[in-house]
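Worksheet: one structure, shown below.
Note on naming: letters A, B, ... go to the chains in the order of the sequence lines (proteins, then strands), and numbering restarts at 1 for each one.
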There are 2 protein chains.
Amino acid sequence: MEWKPDLSSETPLYSQIKDFIKNKISLGEWAVGTKIPSQRALAERFDVNRSTVVTALSDLIAEGLLEGNTRGGTRVINNSWNLLAASPPPDWSSYVQAGTYYPNQPAIQHINRAEFQDGIIRLGTGELSPELLPSEEMKKIFENSSLNPFSLGYEEPKGNQYLREQIAAYLQGIGVQTSPSNILIVSGSLQALQLISIGLLQRGSSILLEKPSYLYSVHVFQSSAIKLVGLPMDEEGIQTNQISRYKEGYNASLLYTIPTFHNPTSTLMSEPRRQELMRICADEGLPIIEDDAYRELWFETPPPPPLKSRDPNALVLYLGSLSKTLSPGLRIGWVVAPEPVIDRLADIKMQNDYGSSSVSQWAAAEWLGRGLYQEHLVYVREQLKRRRDLAVQLLKSNFTEIASWSVPAGGFYIWVRLIVDVPMQMLFERALKAGILLNPGSIYDRNAGSYLRISYAYAKLHELEWGIEYLAEMIKELVGVSKK
Amino acid sequence: MEWKPDLSSETPLYSQIKDFIKNKISLGEWAVGTKIPSQRALAERFDVNRSTVVTALSDLIAEGLLEGNTRGGTRVINNSWNLLAASPPPDWSSYVQAGTYYPNQPAIQHINRAEFQDGIIRLGTGELSPELLPSEEMKKIFENSSLNPFSLGYEEPKGNQYLREQIAAYLQGIGVQTSPSNILIVSGSLQALQLISIGLLQRGSSILLEKPSYLYSVHVFQSSAIKLVGLPMDEEGIQTNQISRYKEGYNASLLYTIPTFHNPTSTLMSEPRRQELMRICADEGLPIIEDDAYRELWFETPPPPPLKSRDPNALVLYLGSLSKTLSPGLRIGWVVAPEPVIDRLADIKMQNDYGSSSVSQWAAAEWLGRGLYQEHLVYVREQLKRRRDLAVQLLKSNFTEIASWSVPAGGFYIWVRLIVDVPMQMLFERALKAGILLNPGSIYDRNAGSYLRISYAYAKLHELEWGIEYLAEMIKELVGVSKK
Ligand SMILES: Cc1ncc(COP(=O)(O)O)c(C=O)c1O
Ligand SMILES: Cc1ncc(COP(=O)(O)O)c(C=O)c1O
């Protein structure tokens with residue numbers, strides 16, 4: 001089947017021949033230096049007039065790919081890709097802009113890139129320090145994999161059955177009664193939010209949430225044309241008195257909350273507030289997403305039971321995750337919800353990525369099933385408490401004149417409000433130049449421009465020390481407060 | 001802070017008090033058998049008239065939660081959840097229907113569930129048989145993890161750097177020149193399609209593709225309001241003569257193709273067709289998604305080089321995956337594309353799931369980096385070829401009178417066209433009852449109602465044997481062809 005130009009095509013014959021020759025060159029079939037067939041031979045082979053061949057060849061000579069010599073021979077002299085390109089490449093940037101999903105905030109894009117620069121001190125990162133991640137134990141788990149071998153195949157739509165059983169047992173320990181069929185395994189709780197946004201909500205609807213919130217730092221809901229409506233918080237959690245009014249005013253279909261060691265404020269919702277929230281949402285028929293990623297990270301006393309543990313109305317979609325306690329890299333989280341909701345989300349997950357990594361699911365089940373997770377939690381709480389204490393002490397020594405904050409009772413974060421006037425963008429950039437990466441408050445609430453989310457979870461202890469001290473100095477310099 | 005009813009709320013006072021008491025009961029603070037405070041005490045405590053308390057209590061008595069006795073005392077007699085529910089649960093089914101994402105086709109939902117029934121013979125499954133998955137080698141890799149330890153943290157937006165280097169090296173071997181910064185790691189190539197659908201395309205746009213196609217079996221694009229426009233195929237692959245017309249007519253912004261061992265037909269696009277496709281798409285400025293998941297699964301001779309290997313115009317978004325060759329459970333695939341596209345998709349992936357499992361990425365890199373993947377491919381090709389031969393022989397012996405098919409040169413599937421008139425839905429159900437799970441052709445093309453996708457990759461050899469024979473009998477019975 002020799003190629004011939006397509007007479008019925010709208011592309012002119014000489015142009016088709018040009019493309020054909022370029023292709024030969026690009027494939028290396030006509031390498032640089034090759035003497036190509038004569039004009040007459042080409043005309044015969046392509047079944048076209050010689051003039052058509054002449055047009056094609058002289059174009060290619062003009063483009064610098066071929067060279068004609070005086071004796072009528074033609075030779076390939078170049079095969080670089082830019083010359084071979086038949087038409088300009090597609091305008092990819094217009095594709096990039098056409099997509100419906102919102103890009104990350106520029107600040108977050110910046111942070112996402114900077115996090116992987118060598119030697120940077122990450123003072124805002126919402127992740128356990130690598131030294132707190134149980135690499136040795138994880139290795140041992142894999143070494144013992146013959147006891148309970150893992151599957152390399154696709155998993156069930158809701159996730160590995162054994163893992164779901166382990167999670168159900170774990171949940172019982174925190175007061176949530178459920179069964180494996182009410183659980184969906186997800187690749188981190190962020191994915192649960194993504195699935196909810198495309199699986200349960202209409203475009204144009206809205207959800208209520210705390211302001212500030214972690215949720216403002218991603219565009220999961222906005223990208224599905226769902227509006228975020230922020231409610232104010234106090235020291236007991238989200239304020240409930242406006243929920244009814246907002247629900248009606250914005251036709252809200254869900255309330256998203258992080259009641260336990262909230263990101264970014266670390267607020268712990270009090271027991272009375274939890275009851276009140278449940279009562280109001282029950283009255284309003286307003287379902288709740290309870291994002292409980294930080295529950296296990298308490299320092300002095302365990303937090304009140306989850307909203308999901310007192311949910312006779314089946315109002316609550318409950319999200320859990322191993323990311324903040326064991327390993328973010330595993331990408332294992334779970335949703336607990338009424339079965340029609342779980343079925344729906346599982347169905348969409350199958351169309352999005354065919355389920356989470358079977359190796360990750362296996363490892364997660366081993367951690368839970370063998371009691372290792374509970375042991376590890378004890379260790380992590382202890383370590384985090386030490387880090388919290390250090391961070392608070394460092395803030396006291398260095399930030400007293402320039403900022404205010406509350407002492408967290410659990411979680412990763414101190415929500416530091418600068419009480420002096422600092423141009424935050426400038427602070428961010430200067431800090432980065434000095435090797436310190438910050439998470440500005442505005443990521444979590446556009447109006448929180450005077451806040452920083454300081455995380456004591458990630459940096460090494462001496463980095464925390466140096467970083468917080470240096471940061472204070474930088475701020476004082478920026479606002480012209482003289483150092484003592 | 002004692003709870004009191006909220007005077008400013010629109011919920012009547014007695015109703016707030018009812019909810020409060022139910023809450024107490026549900027929390028177990030007022031357990032079954034508890035004698036609750038007197039009406040007078042409650043009225044005082046809540047700061048309301050005694051009549052309000054009486055209304056609340058008599059409602060709760062009527063609902064069966066409390067019991068009053070003749071001496072005026074009131075006792076908790078029930079704490080079952082359905083009685084405690086203050087309002088009817090939210091109408092979750094309306095949420096399930098509100099979501100924008102399309103549900104899976106009922107046939108696929110059915111298949112997804114049936115696949116995990118014990119003892120079922122899966123004659124259509126697009127997955128390597130568990131006996132072909134290298135569990136032992138995978139175990140060894142994890143046992144040697146100290147050599148090159150894995151990370152338990154979040155990975156870089158584009159995925160683990162070492163893995164991307166290994167993939168770049170692998171791609172060079174199949175003629176694709178690229179660098180790690182042009183590669184995005186995804187949780188299987190399905191996720192790549194999901195990211196493209198929300199990252200690069202406008203709602204209301206459309207994409208061209210082969211008809212039938214794997215892509216019809218998921219709703220990735222349709223759920224983002226993107227239309228699929230099918231083009232006919234012949235034995236050399238997608239027909240190109242209509243591309244220009246369709247592109248204009250439907251304002252198509254991409255062409256999706258599986259040129260190498262197409263799913264479900266196993267068609268291998270010929271070299272001339274590849275050249276022609278590239279030429280036309282270059283002329284039209286129509287970018288291509290090349291889904292190359294089955295490339296390595298050839299039997300007699302390797303397939304022609306990927307479209308991406310002759311892509312001076314940067315037209316091609318190239319998708320690869322380990323799912324069909326090594327392990328679907330790992331959930332590791334990759335996209336190769338111009339950098340602005342990769343950056344965009346990586347940014348969205350960070351907002352969807354913060355990257356793929358680090359353990360999976362690590363394992364994939366080990367397979368590639370240590371040369372084990374290439375060794376394994378040799379084994380898989382050999383095994384699949386044997387299976388293909390067996391399946392073809394079985395079809396010859398049992399299906400000659402009732403069906404026609406082509407012999408695949410690679411991949412997993414035989415696209416069997418029944419030349420007798422069989423009610424496919426009935427066949428599907430009868431087969432399932434007999435323990436055989438089928439993939440009807442209509443999943444991949446609404447008009448392919450007389451086709452079956454037979455996969456020789458999944459079932460055990462004796463299952464293939466029994467399954468194909470039994471299936472033929474069932475069909476003959478259904479159409480009344482007498483057995484010899
Ligand atoms: C409140 C909250 N929810 C969800 C997530 C996402 O975590 P993952 O997807 O790793 O479970 C985070 C991570 O920062 C978080 O802070
Ligand atoms: C053509 C094609 N592309 C993509 C996929 C998805 O595979 P994965 O997401 O496991 O890489 C499949 C699986 O059936 C397929 O056949």
Item to check | Contact origin within B:S151 toward chain A - heavy atom pairs under 4.5 Å | outcome: neither
Checklist entry - Using a cut-off of under 4.5 Å for heavy-atom pairs, which of A:L128, A:N104, A:N23, A:V220 has the most such pairs with chain B? => result A:N104
Checklist entry - Given the options B:G188, B:P338, B:P340, which has more heavy-atom pairs under 4.5 Å with chain A than any of the others? => result B:P338
Checklist entry - In terms of heavy-atom proximity below 4.5 Å to chain B, should A:S223 be classed as side chain, backbone, both, or neither? => result neither
Checklist entry - Hey, are the side chains of B:P272 and A:W3 touching, using non-hydrogen atoms and a 4.5 Å cut-off? => result no
Next on the checklist: Out of B:N352, B:T11, B:V218, return the one with the most heavy atom pairs under 4.5 angstrom to chain A.
Outcome noted: B:N352
Checklist entry - Roughly how far apart are A:S358 OG and B:M138 CE, rounded to 0.5 Å? => result 7.5 Å
Item to check | Proximity breakdown for A:L317 and chain B, heavy-atom pairs closer than 4.5 Å | outcome: side chain
Checklist entry - Side chain, backbone, both or neither: which part of B:S253 has a heavy atom under 4.5 Å from chain A? => result both
Checklist outcome for this item: So, the part of A:P305 with a heavy atom under 4.5 Å from chain B: the answer is neither
Checklist outcome for this item: When every non-hydrogen atom of B:L133 is compared with those of A:G153, the smallest separation belongs to CD1-N, 3.8 Å
Checklist outcome for this item: Max heavy-atom pairs within cutoff under 4.5 Å with chain A, candidates B:I196, B:L201, B:V359, goes to B:L201
Checklist outcome for this item: Scanning both residues in full, the closest heavy-atom pair of A:W92 with B:P287 reads CH2-CB, 3.4 Å
Checklist entry - Could you state the interatomic distance from NE2 (A:H219) to CE (B:M350), rounded to the nearest 0.5 Å? => result 14.0 Å
Next on the checklist: Under 4.5 Å from any heavy atom of chain B, what part of A:S93 do you find: side chain, backbone, both or neither?
Outcome noted: neither
Next on the checklist: Classify the ring geometry of B:F142 against A:F142: parallel below 30°, tilted from 30° to 60°, perpendicular beyond 60°.
Outcome noted: parallel
Next on the checklist: Is the shortest side-chain heavy-atom distance between A:I198 and B:T100 below 4.5 Å?
Outcome noted: yes
Checklist entry - In terms of heavy-atom pairs under 4.5 Å with chain A, which of B:I141, B:L193, B:L152 leads? => result B:L152
Item to check | Per-residue contact mode, A:E339 against chain B (heavy atom under 4.5 angstrom) | outcome: neither
Checklist outcome for this item: The interface call for B:Q191 against chain A, heavy-atom contacts under 4.5 Å, is both
Checklist outcome for this item: Tightest non-hydrogen contact, residues B:Q16 and A:R279, listed as CG-NH1, 3.5 Å
Checklist outcome for this item: On a heavy-atom basis, the closest approach of B:N313 and A:P90 is O-CD, 3.3 Å
Next on the checklist: Within this structure, what is the CD-OH distance for the pair B:Q202 and A:Y95, rounded to the nearest 0.5 Å?
Outcome noted: 10.0 Å
Next on the checklist: Counting heavy-atom pairs closer than 4.5 Å to chain A, which one of B:E276, B:E115, B:E127 comes out on top?
Outcome noted: B:E127
Checklist outcome for this item: Turns out that what part of A:F116 lies under 4.5 Å from chain B's heavy atoms comes down to side chain
Next on the checklist: Taking side-chain contact (heavy atoms from CB on, under 4.5 Å) as the criterion, tell me which of A:D347, A:D343, A:L200 meets it with B:V96.
Outcome noted: A:L200
Checklist entry - Do the non-hydrogen side-chain atoms of A:P103 and B:R344 ever get within less than 4.5 Å of each other? => result yes
Checklist outcome for this item: Heavy atoms of B:R331 and A:Y154 approach each other most closely as NH1-CE2, 3.4 Å
Next on the checklist: I need the residue from B:E143, B:Q351, B:K139, B:Q194 with the largest number of non-hydrogen atom pairs under 4.5 Å to chain A.
Outcome noted: B:Q351
Next on the checklist: So, taking the atom named CD1 in A:I280 and the one named OG in B:S9, what distance separates them when rounded to the nearest 0.5 Å?
Outcome noted: 7.0 Å
Checklist outcome for this item: Given A:L190, A:V341, A:I348, the one with more heavy-atom pairs under 4.5 angstrom with chain B than any other is A:L190
Checklist outcome for this item: Closest heavy-atom pair, B:S360 versus A:S357, reported as atoms and distance to 0.1 Å, is OG-OG, 2.7 Å
Checklist entry - Checking heavy atoms, do the side chain of A:E156, its backbone, both or neither come under 4.5 Å from chain B? => result both
Item to check | Point-to-point distance, once rounded to the nearest 0.5 Å, from CZ of A:R310 to NZ of B:K24 | outcome: 11.5 Å
